[in-house]
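Values reported hereafter were calculated over all heavy atoms of this structure, with side chains retained and with hydrogens, waters and symmetry mates removed. Protein chains get the first letters and strands the later ones, always in sequence-line order, with residue 1 at the start of each.
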Protein chains: 2
Amino acid sequence: MESITILLADDHQLVRAGIRSLLNHFADIEVVAEADNGLQVLDLLKTCKPAIILMDITMPEMNGLEATTTVIRDYPDTKVILLSMYANEEYVRQALQSGASGYILKDAAPVELELAIKSVLNGATYLSPVISHQVVCDYVRNTGSSSHNLQGKLTPRQLEVLKLIAEGCSTKDIAASLRISPKTVESHRAQLMDRLETYDVVGLVKLAIKNNLIKSRD
Amino acid sequence: MESITILLADDHQLVRAGIRSLLNHFADIEVVAEADNGLQVLDLLKTCKPAIILMDITMPEMNGLEATTTVIRDYPDTKVILLSMYANEEYVRQALQSGASGYILKDAAPVELELAIKSVLNGATYLSPVISHQVVCDYVRNTGSSSHNLQGKLTPRQLEVLKLIAEGCSTKDIAASLRISPKTVESHRAQLMDRLETYDVVGLVKLAIKNNLIKSRD
DNA sequence: TGCGAAATAGGGGAAAACCTTAAGCACAAG
DNA sequence: CTTGTGCTTAAGGTTTTCCCCTATTTCGCA
């Protein structure tokens, strides 16, 4: 079995040495390069193609997040696992957005290293307990019984109207786009509010977003 | 080292036997009980306290999702890993909502079993690649650069007003709640739209949601 | 000391929302 | 075959909001 090649990036020599030592316990894992900032990572990638980059977020010159974005753009098959001292939501979001496959806290159990490496090689995303909890909670919150409620409770026409309302169309626009009178649109809107028990446009928009009728960002 | 106790639940004997055989390769994992439906799982838990329940979603009598809800309610320390044939979003959501710590597809690589078991024991959530991808994408989509844009671009007062608008308050309500004239609220709203380059209430609401000024559900 | 930005607020006409009512139609139940 | 229920359509009239303009006061900062 071929060994798993790893590039280790952290600006503190001692930390790198420690992690390398931990990884040495695994016969099938080999640290093939080390870097102490993001730029150096990008440089090393020109000549060496590790399966996994294990990288600190906080580094001088170029931090781990920026480096990840570039790495994933240029070498999309490379898996990046980010290390961080903080469970900060913003970091996590940026990490996942830039294409990282893992996010491990520095106070994680050593076994997490192994789990993360194997998980990401297998195609999954590995997040430290606290982080995965955050992400899962968010998922459960936002995917509120998706589409179930509405699809069942509203007529097709009402759904159409709701969708247009939530997209920001004025009553007139909607009327034009559906070829009906503005007054009819008003009726639909009123009935929507009635059924959804929400008595303002804002509520309608929120419901529409919740049910994925529209994207929450433009 | 004490071995990891597992309760295996699936309505097909052959599947149970197969998984048990896979788990037998690990010296430190021990399947201590088997069930073929959710009710039986609950029954078994009265006398046996496994660390992990590995359970199919689709089962007669009581399915894995319902069973999970009850298990987590009554034995919150037990980790539940659900097995399913489908990457169906609704299932995943329900699974996570009912407190499952893992969701593995039945066509997963065998190594996932081990990864999932160790991950959940460590407190993390394990999701098969396809699933974790879904969840992460959703997370990245919904947590849109939280608070960054707005906090910087708007005055405190404008933020207050925006928040109330997005909560569905009418101009009058906002005026009353801030003890200012409705006309002033209109001014603020106009300036908000100006700065945010969004020319309807819907856009304001979406921005507010995107920036977590309010929750997207009520 | 003045200058811009923030917060306040009014007038007035256009536009939209809100409430009520209802007609035409389809389809299912009685 | 009639009755009822639900969907789509729509109008009239009242209330509210929107929108453009103007204007005052109070800041901090140059």
Checklist entry - Considering the options N63(A), L96(A), I57(A), V92(A), which one meets the side-chain contact (heavy atoms from CB on, under 4.5 Å) requirement together with L82(A)? => result I57(A)

Next on the checklist: So, applying side-chain contact (heavy atoms from CB on, under 4.5 Å) with T68(A), which one of L65(A), V71(A), I72(A) is it?
Outcome noted: I72(A)

Any side-chain donor-acceptor pair under 3.5 Å between [X] and [Y]?
X: N122(B); Y: S119(B); answer: no
X: E186(B); Y: T171(B); answer: no
X: D194(A); Y: Q191(A); answer: no

Checklist outcome for this item: Note: chain B reaches DNA chain D at heavy-atom distances under 4.0 Å over the stretch, first to last nt, 5' to 3', of dT16(D) to dC19(D)

May I ask you to say what [X] touches in the nucleic acid, namely base, sugar-phosphate or nothing, with a heavy-atom cut-off under 4.0 Å?
X: Q191(B); answer: nothing
X: S170(B); answer: sugar-phosphate
X: T171(B); answer: sugar-phosphate

Checklist entry - Is it true that atom OH of Y86(A) has more than 12 heavy atoms of other residues, nucleotides or ligands lying nearer than 6.0 Å? => result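 At most 12 heavy atoms, drawn from other residues, nucleotides or ligands, come within 6.0 Å of this atom.
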
Checklist entry - Name the one of Q40(B), Q13(B), R20(B) that satisfies side-chain hydrogen bond (donor to acceptor under 3.5 Å, both in side chains) with E34(B)? => result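 Per the side-chain hydrogen bond (donor to acceptor under 3.5 Å, both in side chains) rule, the option paired with E34(B) is R20(B), out of Q40(B), Q13(B), R20(B).
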
Send over the distance from [X] [atom1] to [N] [atom2], rounded to a whole Å.
X: D200(B); N: dA15(C); atom1: CG; atom2: P; answer: 17 Å
X: Q158(B); N: dA5(C); atom1: CD; atom2: P; answer: 12 Å
X: E186(A); N: dC19(C); atom1: CD; atom2: P; answer: 11 Å
X: R157(A); N: dC25(C); atom1: CZ; atom2: P; answer: 17 Å

Next on the checklist: Does a side-chain N or O of R195(B) approach OP1 or OP2 of dA5(C) to a distance below 4.0 Å, or not?
Outcome noted: no

Item to check | Nearest-0.5 Å distance that lies between atom OG1 in T125(B) and atom CD1 in I131(A) | outcome: 11.5 Å

Item to check | Members of residues 172-185 of chain B that approach DNA chain D, where some heavy atom sits under 4.0 Å away | outcome: K172(B), K183(B)

Item to check | Worked verdict on K106(A) versus D10(A) for salt bridge (Lys or Arg N to Asp or Glu O under 4.0 Å) | outcome: CA-CA 12 Å; K106(A) 284 203 173 172; D10(A) 191 301; 3.3 Å; yes

